[in-house]
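What's counted below: heavy atoms across the whole structure, side chains too, no hydrogens, waters or symmetry copies. Here is the naming used below: chain letters follow the sequence lines, and residue numbers restart at 1 for every chain. Predicted model only: the values in this text are computed from it and were never measured.
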Protein chains: 2
Amino acid sequence: MPTLSEVARRAGVTPATVSNVLRNRGRVGEATRLRVLEAIEALGYRPHLSARALAEGRPPTIALMVSSIANPFYPEFALAVENALRRSGRFLIICNTAGDPQTGRAYLEQIAGTLSAGVLVMNANLDFADLRATERRGAPVVLCMWERPLDPPGLPCVAVDFRLAGELAAQHLLALGHRRIGAIVGSKVSGIHAARYDGFVAAMQAAGLDGALAPVRYAPDTTQGGYAAASELLARHPDLTALFATNDLPALGAMQAAADLGLDVPRELSVVGITDIQLARESRPALTTVAVATVEAAELAVALLTELVETPAAPTTPAQSAARVCVVSAPRLVVRASTAPPRK
Amino acid sequence: MPTLSEVARRAGVTPATVSNVLRNRGRVGEATRLRVLEAIEALGYRPHLSARALAEGRPPTIALMVSSIANPFYPEFALAVENALRRSGRFLIICNTAGDPQTGRAYLEQIAGTLSAGVLVMNANLDFADLRATERRGAPVVLCMWERPLDPPGLPCVAVDFRLAGELAAQHLLALGHRRIGAIVGSKVSGIHAARYDGFVAAMQAAGLDGALAPVRYAPDTTQGGYAAASELLARHPDLTALFATNDLPALGAMQAAADLGLDVPRELSVVGITDIQLARESRPALTTVAVATVEAAELAVALLTELVETPAAPTTPAQSAARVCVVSAPRLVVRASTAPPRK
DNA sequence: TTGAAAGCGCTAACAA
DNA sequence: TTGTTAGCGCTTTCAA
């Protein structure tokens with residue numbers, strides 16, 4: 001592969017000039033510029049990105065930490081991230097933590113700042129301390145889907161009002177006339193779906209029901225988890241007319257459980273989820289859900305990280321980080337075919 | 001961030017020695033080694049991967065070209081690739097071509113050989129010429145799911161016997177007693193699913209039916225595509241008792257179409273797909289399909305590419321490339337709930 | 001407008 | 001076993 005020096009030699013200039021031409025720095029005579037361009041063309045020169053990364057002190061690369069790229073939600077997000085990055089001439093490294101903080105730390109230690117200029121974190125179950133250490137080493141970190149806009153994490157982040165999402169979902173069921181509603185929370189009790197559940201409880205409360213007393217199950221954030229949770233809930237509380245799930249995947253699982261129990265959705269059981277992943281549209285019946293601005297979140301996250309990466313590393317204090325919170329558009333209800341008024 | 005020289009200074013040795021310790025090159029005294037290790041620890045030193053890439057002449061990175069990471073098949077494959085790479089200390093750059101050869105070429109030109117040591121190609125609709133050019137520039141290319149083991153592409157590849165997959169699917173339907181079977185081919189007429197369809201036709205032939213005359217529709221390789229194709233087929237040929245699809249996504253779409261037409265699957269219509277993506281297990285009814293060794297293919301692809309990357313670049317002729325064909329385990333039928341004998 | 005020179009952080013001969 | 005010396009390909013002052 002031809003190098004910049006070879007281009008320079010051929011064009012009868014020095015490497016510095018070629019570099020200036022490449023970066024459109026201006027300070028190059030038009031005739032020279034043309035000669036350089038011609039040499040580039042003739043030689044088929046392409047800049048060596050690793051060399052450039054070293055010289056510039058920062059690679060054209062961003063790492064996306066996810067717990068599993070195979071989770072049907074992430075690809076949509078990753079796609080949006082990749083698109084946004086490509087537009088800004090950067091590249092995306094996918095880091096799969098498999099939900100294991102060790103793996104996450106290993107990734108961060110290896111590539112943050114040395115092979116990737118910054119880090120996007122998408123629910124990868126990482127130690128907060130590791131993230132702050134990463135920041136301190138000079139690789140900015142952005143949390144991609146913070147659940148509580150009003151409770152910033154002390155790290156730059158893109159926040160989604162998931163509490164509102166929970167409220168909207170519950171309000172929809174309530175408006176349809178449901179009163180006996182079960183909840184499936186796709187994480188641990190103290191987990192990241194807490195805000196969504198809070199919203200649900202609040203909406204119930206507001207409707208004069210004791211939301212905290214509504215039957216609830218905590219389950220893994222998967223279809224299987226939702227399936228198991230729904231099976232249990234329906235076995236224990238046969239009078240439930242609707243199920244609220246904090247995420248689409250468990251909601252989809254709940255629909256399967258209903259199908260296997262011979263319950264017709266939505267006639268005998270309504271199901272609502274949160275996020276609006278592609279599958280929600282494609283399931284039968286199509287899932288009613290609360291759509292989250294995934295693409296917008298991805299773009300904001302990339303924009304925020306880009307800014308941080310390009311800003312001369314003013315060592316960020318927690319307070320400064322706290323200030324870097326972008327909130328995406330409010331979630332909105334998408335009514336499809338999995339919800340209906342309860343049978344009397 | 002501390003550099004190797006700083007570590008050297010602190011340990012009272014030269015950079016070369018530190019490098020030797022880091023690479024476990026052996027030729028270092030035990031006492032020195034310990035001192036160096038201690039300095040590394042004390043300083044929190046981590047090797048700068050971009051610098052190393054430049055010095056070694058090759059980055060620790062591999063590019064995976066896919067048409068859309070959001071296609072439910074790719075994440076499973078990408079996950080397996082990522083795992084295999086991580087085990088070998090490499091990192092994964094995701095390149096989304098959106099099926100556009102331009103975008104693909106731009107990616108290849110930018111990063112192949114300069115930011116990524118090699119390229120994995122997963123049905124990204126790339127120009128063959130671009131791939132060969134990439135190879136010539138010194139960045140090995142491996143095709144990840146070549147469809148016809150007996151017809152090598154002139155590029156190193158991992159091949160899957162998709163013709164056999166098509167045969168197995170058809171044989172299953174035939175064995176159940178189906179005779180009026182429609183086919184949904186998830187690509188253009190001359191597209192990459194041709195081998196699968198060939199297998200289908202051959203199996204029909206072998207059963208004494210004129211497979212080539214079986215109703216067939218070509219459609220995009222998506223649920224929507226399958227939905228539309230199945231709707232058409234069933235409208236035009238109400239006597240069909242089974243549908244064969246060359247991929248799971250269209251098969252799933254076909255099941256939805258059946259549901260919307262009020263046809264019970266599998267009682268009134270059997271549906272079979274190919275690949276066995278995660279969704280196939282999770283759909284209701286669960287999809288009968290022919291499982292392809294995805295993980296094995298990913299691992300073989302990584303192994304093959306790794307070998308090519310590490311082999312001192314003997315400029316490969318097409319003939320040599322042709323020799324680099326790995327074939328994964330044969331596909332195998334997975335019977336689930338979407339197939340049954342035809343109603344008399 | 002162009003050139004000269006130093007250096008990014010690391011590796012790898014080759015010498016000692 | 002360890003050090004010396006050149007780079008890898010590019011960017012970027014600073015001079016001319």
Side-chain angles (χ1 to χ4, degrees), chain A residues 1-37 39-40 43-60 89 110-115 117 137-139 310 312-313, chain B residues 1-36 39-40 43-60 89 110-115 117 137-138 310 312-313:
Chain A
M1 283 202 346
T3 70
L4 185 142
S5 309
E6 287 167 34
V7 172
R9 203 169 313 132
R10 176 166 181 132
V13 297
T14 59
T17 301
V18 177
S19 181
N20 281 332
V21 171
L22 284 169
R23 326 302 307 264
N24 283 315
R25 273 240 179 29
R27 33 186 137 157
V28 177
E30 187 55 16
T32 325
R33 209 179 72 86
L34 257 35
R35 240 180 321 131
V36 169
L37 254 19
I40 287 175
L43 260 28
Y45 168 80
R46 301 169 314 136
H48 193 297
L49 265 25
S50 292
R52 192 176 266 182
L54 182 57
E56 283 184 333
R58 134 170 50 106
Q110 287 187 89
I111 72 176
T114 81
L115 190 63
R137 282 198 214 96
E310 286 173 353
Chain B
M1 282 202 347
T3 71
L4 185 141
S5 309
E6 287 168 34
V7 172
R9 201 170 315 133
R10 177 167 179 130
V13 297
T14 60
T17 301
V18 177
S19 181
N20 281 331
V21 170
L22 284 168
R23 327 300 309 266
N24 281 313
R25 271 239 180 31
R27 32 186 141 156
V28 177
E30 188 55 16
T32 326
R33 208 178 72 85
L34 258 35
R35 237 176 328 127
V36 170
I40 287 174
L43 260 30
Y45 167 80
R46 302 169 314 137
H48 194 294
L49 265 25
S50 292
R52 191 177 267 182
L54 182 58
E56 284 183 332
R58 127 169 57 104
Q110 287 187 89
I111 71 176
T114 80
L115 191 64
R137 282 198 213 97
E310 285 174 355

(request) Go ahead and write out DNA chain C as dot-bracket, 5' to 3': ( ) for pairs within the strand, [ ] for ones crossing earlier pairs, | when the partner sits on another strand, dots for unpaired; Watson-Crick or G-U wobble, both distances under 3.5 Å. (result) ||||||||||||||||
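Rounded to an integer number of Å, the gap from CZ of Arg52(B) to P of dG9(D) is 18 Å. If you take CZ of Arg46(A) and P of dC10(D), they are 11 Å apart, rounded to a whole angstrom. Atom CD1 of Ile111(B) and atom C1' of dG9(D) are 18 Å apart (whole Å). When rounded to the nearest whole Å, the span between CG of Leu54(A) and C1' of dG7(D) equals 12 Å. If you take CG of Leu4(B) and P of dC8(D), they are 19 Å apart, rounded to a whole angstrom. Following rounding to the nearest Å, Leu115(B) (CG) and dC8(D) (C1') show an atom-to-atom distance of 15 Å. When rounded to the nearest whole Å, the span between CZ of Arg9(B) and P of dG3(D) equals 14 Å. Atom pair Arg58(A):CZ and dG9(D):P shows a separation of 22 Å (rounding to whole Å applied).
Rounded to the nearest 0.5 angstrom, Arg52(A) CZ and His48(A) NE2 are separated by 11.5 Å. Annotation: the span from Leu22(A) atom CG to Leu4(A) atom CG amounts to 6.0 Å, rounded to 0.5 Å. The distance from the OG1 atom of Thr114(A) to the CG atom of Leu49(B) is 4.0 Å, given to the nearest 0.5 Å. Considering CD of Gln110(A) and CG of Leu115(A), their distance stands at 9.5 Å, rounded to 0.5 Å.
Residues passing the salt bridge (charged side-chain N to carboxylate O under 4.0 Å, His left out) test with Arg58(B): none are found, sequence neighbours excluded. Remark: Arg25(B) engages no residue in a salt bridge (charged side-chain N to carboxylate O under 4.0 Å, His left out) (not counting sequence neighbours). Applying the salt bridge (charged side-chain N to carboxylate O under 4.0 Å, His left out) criterion to Glu56(B), with sequence neighbours excluded, gives Arg23(B).
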Taking N or O atoms only and anything under 3.5 Å, show me the protein contacts with nucleotides 12-16 of chain D, one pair per line.
| unit_1 | atom_1 | unit_2 | atom_2 | d |
| --- | --- | --- | --- | --- |
| dT12(D) | OP2 | Arg25(A) | NH2 | 2.5 |

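When every heavy atom of Met1(A) is checked against every heavy atom of Arg46(A), the shortest pair comes out as SD-NH2, 2.8 Å. Counting all heavy atoms, side chain and backbone alike, Ser5(A) lies closest to Pro15(A) at OG-CG, 4.3 Å.
From the 5' end on, the contacts that DNA chain C makes with chain B at under 4.0 Å to a non-hydrogen atom open and close at dG9(C) to dA12(C).
Ion pairing between Glu30(B) and Arg33(B) holds under the 4.0 Å rule for side-chain N and carboxylate O.
Distances shorter than 4.0 Å separate none of the side-chain N or O atoms of Ser5(A) from OP1 or OP2 on dC10(D).
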